[in-house]
Amino acid sequence: MLLNFSFGIHLRELVAEFDLTEHDFSAADLAMEMLYLQEAKSLVLEELRALTGRLDQARKAAEEQALSDPLTKLANRRAMAQALARAVDHATNGLANFALLQVDLDHFKTINDTQGHAAGDFVLQLVARNLCESVRGGDLVARMGGDEFLVLLRGNPSRAEIGALAARIIEQLEAPKWYRGQECLVSGSLGAVSSRDYESLEIEALQNDVDRATYAAKAAGRGCLRFGSGPVENVEDGPATSPGAAP
């Protein structure tokens with residue numbers, strides 16, 4: 001009777017445990033071939049894991065690039081649309097209200113025309129940083145294009161809280177900004193709407209009303225905040241948030 005004993009599937013562990021070498025196996029034993037196959041499999045799996053990791057990083061980078069503004073690194077229009085859709089869904093289901101704050105820079109075209117687009121880009125980057133520093137961690141700041149920004153304020157802020165935030169933003173916008181020895185003077189016209197003012201939430205209505213409120217701020221002398229209401233009321237009239245702002 002001939003008996004052939006094999007370590008089976010635990011060959012690799014036992015070779016390591018007993019410090020075996022190729023000299024411990026006969027020439028006809030398939031153990032060495034099995035070890036080579038297991039080693040090759042391990043190398044292939046390791047390379048596949050590394051490749052999967054690189055692909056995942058590339059996918060995340062592509063998604064981030066698709067949802068961010070290349071100049072300011074803020075969220076872009078597409079990212080804001082997705083976030084706003086989720087916020088509307090939550091508010092409709094009674095989970096959480098929100099507010100939208102639109103910031104439109106005043107006198108920005110003058111900077112581009114007189115000091116060049118490099119100065120304009122510098123101002124946009126500085127404004128983006130100031131906006132991010134002004135809002136809370138759960139809020140979202142997006143550049144919608146040109147010199148227009150939109151802020152999604154989560155947590156059901158009151159009008160008083162929105163007004164206080166707008167005052168801080170306007171103060172930062174009107175603070176002196178210098179680019180290569182030249183002062184860049186800008187201000188901001190702000191419009192705001194709150195989801196709790198609507199019986200039925202529609203994204204298009206919210207965006208139209210916040211646009212309308214922003215134009216009302218410009219008509220009121222710029223450098224101020226105006227609230228847009230729901231479908232029933234018109235844009236609220238009242239004193240400018242920053243009365244001394246230049247027209």
Ignoring hydrogens and angles, state whether a donor on the side chain of Asn156 or Arg196 is under 3.5 Å from an acceptor on the partner side chain. yes

Positive for side-chain hydrogen bond (donor to acceptor under 3.5 Å, both in side chains) with Asp113, one of Gln115, Lys109, His117: Lys109

Output a table of donor-acceptor pairs, distance under 3.5 Å, between side-chain atoms of residues 122-132 and any protein atom two or more places apart or on a different chain; print 'none' if there are none.
from: Gln125; atom 1: NE2; to: Leu71; atom 2: O; distance (Å): 3.3
from: Asn130; atom 1: ND2; to: Leu126; atom 2: O; distance (Å): 3.4

Answer yes or no: does atom CZ of Arg136 have more than 12 heavy-atom neighbours from other residues, nucleotides or ligands under 6.0 Å? yes

Has Glu171 got more than 12 heavy atoms of other residues, nucleotides or ligands less than 6.0 Å from its CD? no

Check the side chains of Thr72 and Asp69 for a donor-acceptor pair under 3.5 angstrom, ignoring hydrogens and angles. yes

Any salt bridge (Lys or Arg N to Asp or Glu O under 4.0 Å) pairs touching residues 87-98, not counting sequence neighbours? none

Residue set satisfying salt bridge (Lys or Arg N to Asp or Glu O under 4.0 Å) with Asp147, at least two apart, ordered chain then number -> none

Checking side chain to side chain contact (heavy atoms under 4.5 Å, CB included) between Thr214 and each of Glu148, Gln102, Arg226, which is the one that passes? Gln102

All pairs passing ring pair (Phe, Tyr, Trp, His ring centres under 6.0 Å) where residues 79-101 contributes a residue, at least two apart: none

Residue pair Ser189 / Asp104, side-chain donor-acceptor N/O under 3.5 Å: no

By side-chain hydrogen bond (donor to acceptor under 3.5 Å, both in side chains), Thr110 pairs with (sequence neighbours left out) none

Under the 4.5 Å side-chain heavy-atom rule for ILVMFWY, direct or indirect, which residues accompany Leu51? Leu55

Salt bridge (charged side-chain N to carboxylate O under 4.0 Å, His left out) between Arg54 and Glu47, worked out: CA-CA 11 Å; Arg54 291 193 295 270; Glu47 184 59 31; 3.4 Å; yes

